[in-house]
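For reference, the structure is listed below as structure tokens.
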Amino acid sequence: MTKDSPALDIRHLSVDYHSESGTVHAVADVSLTLRRGEVLGLAGESGSGKSTLAYALARLLPTVASITAGEIIYAPAVAGSEPVDVLKLTERQLRAFRWADLAVVFQSAMNSLNPVMTVGAQIDDVLRTHQSELSRQERAARAAELLKLVGIAQDRLHSFPHELSGGMRQRAAIAIALALSPEIIIMDEPTTALDVVVQHEILTEILRLRQQLGFSVIFITHDLSLLLEIADSIAIMYAGRIAELATYDDLRTRAAHPYSYGLLSSFPRLRGPRAVASGIPGTPPDLRAAPPGCAFHPRCPLAFAPCMSEVPVLQPPPGTISPLVACHLYDPRFRATPPTTSELASAYATAAQRESQA
């Protein structure tokens with residue numbers, strides 16, 4: 001397997017939540033490819049479908065949710081191994097897959113770690129369940145090795161989660177995820193509730209471990225600025241769909257989709273000329289009754305007639321191969337030339353002024 005070969009291929013995946021008040025289409029026709037050794041970022045506002053997509057990949061969805069369409073194909077790195085359809089795994093196969101091939105670092109380490117078990121006992125629990133051939137001494141040595149790997153002293157094996165700082169708890173959660181040396185790690189908001197200094201330490205640690213161990217990462221966050229520090233490629237989600245899929249360079253130099261531009265413009269820049277941070281007007285839609293056409297059109301300052309009725313297709317702008325953007329502004333059937341960055345900036349500035357006067 002080459003470094004750029006696919007580790008996980010998501011094909012037209014859809015996930016619904018079912019309730020008495022209606023069906024929520026949380027993920028709709030999402031296709032993504034995670035390449036070996038890559039950090040793939042998932043960004044978007046709360047409720048955009050990021051975490052639902054991640055838990056669908058690990059088949060950890062709650063009972064009220066169901067995968068209604070699509071495939072999740074995992075390609076093991078072992079030479080000669082056949083691709084695996086994750087959605088067809090039996091419960092026994094899935095139990096092995098989740099830790100040996102794919103692991104999850106859940107949002108908020110304080111809540112995901114067991115408060116009545118020491119850190120060492122929680123690592124030992126994983127090893128005892130999945131590598132029963134190891135002796136107690138071997139498991140203890142592996143647990144100490146894992147803590148050292150993430151920068152925690154060995155004596156912390158006997159500490160309970162409440163005895164650790166927020167950053168150390170997050171490192172411990174990463175150590176548990178690395179216990180069986182998985183090829184893919186899903187990190188759901190791993191730096192939430194941490195201060196900026198600790199955030200930077202955790203991000204640096206993740207990149208170091210990725211470089212050292214060679215695993216692939218799906219990194220989920222609502223903070224797009226974090227992804228610009230660590231991600232190789234970034235998928236922007238809105239209302240359960242991919243609005244834009246771009247490389248780090250593409251997104252940093254020129255966000256194509258109006259929603260991506262709005263996210264990037266919502267936080268202040270540390271360098272460059274002074275600019276007004278313009279947020280995105282309005283709120284995300286209720287996915288039980290999403291707007292027709294492009295779901296972003298009620299909030300988009302450049303929306304026009306086709307946006308109200310036709311769902312845009314994720315495709316590259318004319319004459320390019322990157323990024324992929326789901327927006328009618330880049331469809332030659334509806335508009336001859338794509339919007340410029342200055343046009344996006346002007347449209348958002350006008351929308352912000354109109355909202356302040358309302």
Side-chain angles (χ1 to χ4, degrees), residues 3-4 7 34-44 50-51 54 102-113 119 122-123 142-157 159 161 163-236 246-253 263-264 267-272:
K3 182 180 178 181
D4 292 331
L34 174 68
R35 302 197 177 278
R36 211 163 298 283
E38 177 187 37
V39 177
L40 170 63
L42 285 180
K50 308 182 302 295
S51 294
L102 180 146
V104 182
V105 177
F106 294 99
Q107 186 173 354
S108 179
M110 189 64 218
N111 297 330
S112 61
L113 294 174
V119 170
Q122 294 186 58
I123 297 175
R142 175 59 175 162
E145 178 189 353
L146 286 165
L147 286 195
K148 181 180 178 181
L149 193 63
V150 297
I152 299 179
Q154 181 177 339
D155 59 3
R156 288 298 188 173
L157 282 170
S159 297
E163 298 176 307
L164 304 178
S165 66
M168 291 178 72
R169 287 196 295 267
Q170 197 61 63
R171 289 170 186 260
I174 294 172
I176 294 171
L178 291 171
L180 302 184
S181 302
E183 293 184 38
I184 300 168
I185 298 182
I186 296 174
M187 296 186 172
D188 186 11
E189 304 272 11
T191 58
T192 296
L194 300 178
D195 63 63
V196 247
V197 175
V198 178
Q199 276 188 9
H200 183 266
E201 291 175 354
I202 295 296
L203 293 177
T204 302
E205 196 68 30
I206 291 169
L207 291 178
R208 182 185 68 81
L209 292 169
R210 190 274 300 255
Q211 185 69 27
Q212 180 179 342
L213 303 176
F215 53 79
S216 305
V217 180
I218 296 177
F219 192 103
I220 302 167
T221 181
H222 62 275
D223 188 347
L224 190 51
S225 61
L226 286 182
L227 293 184
L228 293 178
E229 293 186 41
I230 68 165
D232 300 303
S233 56
I234 300 172
I236 307 294
T247 64
Y248 153 79
D249 285 328
D250 284 336
L251 203 61
R252 179 178 57 85
T253 55
L263 289 178
L264 284 170
F267 59 88
R269 298 183 180 182
L270 298 179
R271 300 180 182 87

Looking at [atom1] of [X] and [atom2] of [Y], how far apart are the two atoms once the value is rounded to the nearest 0.5 Å?
{"X": "L213", "Y": "I185", "atom1": "CG", "atom2": "CD1", "answer": "8.0 Å"}
{"X": "R208", "Y": "L149", "atom1": "CZ", "atom2": "CG", "answer": "6.0 Å"}
{"X": "T221", "Y": "L226", "atom1": "OG1", "atom2": "CG", "answer": "5.0 Å"}
{"X": "L228", "Y": "Y248", "atom1": "CG", "atom2": "OH", "answer": "6.5 Å"}
{"X": "E205", "Y": "Q212", "atom1": "CD", "atom2": "CD", "answer": "9.0 Å"}
{"X": "R171", "Y": "R156", "atom1": "CZ", "atom2": "CZ", "answer": "12.5 Å"}

Quick one: do L147 and I123 satisfy side chain to side chain contact (heavy atoms under 4.5 Å, CB included)? Show the steps, please. CA-CA 10 Å; L147 286 195; I123 297 175; 4.0 Å; yes
Heavy atoms, side chains only, cut-off 4.5 Å: are P190 and F219 in contact?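 Answer yes - side chains close enough.
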A side-chain contact here means heavy atoms from C-beta on lying under 4.5 Å apart; do R35 and S233 qualify?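 Counting from C-beta outward, R35 and S233 never come under 4.5 Å.
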What are the two closest non-hydrogen atoms of [X] and [Y], and how far apart are they?
{"X": "A172", "Y": "V119", "result": "CB-CG1, 4.1 Å"}
{"X": "A179", "Y": "R142", "result": "O-NH2, 3.1 Å"}
{"X": "G41", "Y": "A231", "result": "N-CB, 4.1 Å"}

Using only atom types and a distance under 3.5 Å, with no angle test, would you say the side chain of R210 pairs donor to acceptor with the backbone of G37?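 Looks like yes, one N/O pair under 3.5 Å.
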Report yes or no: does K50 contribute a side-chain atom to a donor-acceptor pair with the main-chain N or O of G44 at less than 3.5 Å?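 The answer is yes, because a donor-acceptor pair under 3.5 Å joins these two groups.
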Using the rule given for side chain to side chain contact (heavy atoms under 4.5 Å, CB included), can you reason through I236 versus L251, listing the C-alpha separation, both sets of side-chain angles and the distance that settles it, and then say yes or no? CA-CA 10 Å; I236 307 294; L251 203 61; 4.1 Å; yes
Run through I218, I234, D188 and flag the one making a side-chain contact (heavy atoms from CB on, under 4.5 Å) with L42.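 Considering I218, I234, D188, a side-chain contact (heavy atoms from CB on, under 4.5 Å) with L42 is found only for I218.
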Sole candidate of L209, I202, I206 that passes side-chain contact (heavy atoms from CB on, under 4.5 Å) when paired with V150: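 For V150, the side-chain contact (heavy atoms from CB on, under 4.5 Å) check succeeds only for L209.
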Using a strict 4.0 Å threshold on nitrogen-to-oxygen distance, state whether E183 and R36 make a salt bridge.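 Answer for the salt bridge query: yes.
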Ion pair K148/E145, N-O distance below 4.0 Å: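 Judged by the 4.0 Å cut-off on N to carboxylate O distance, K148 and E145 do not form a salt bridge.
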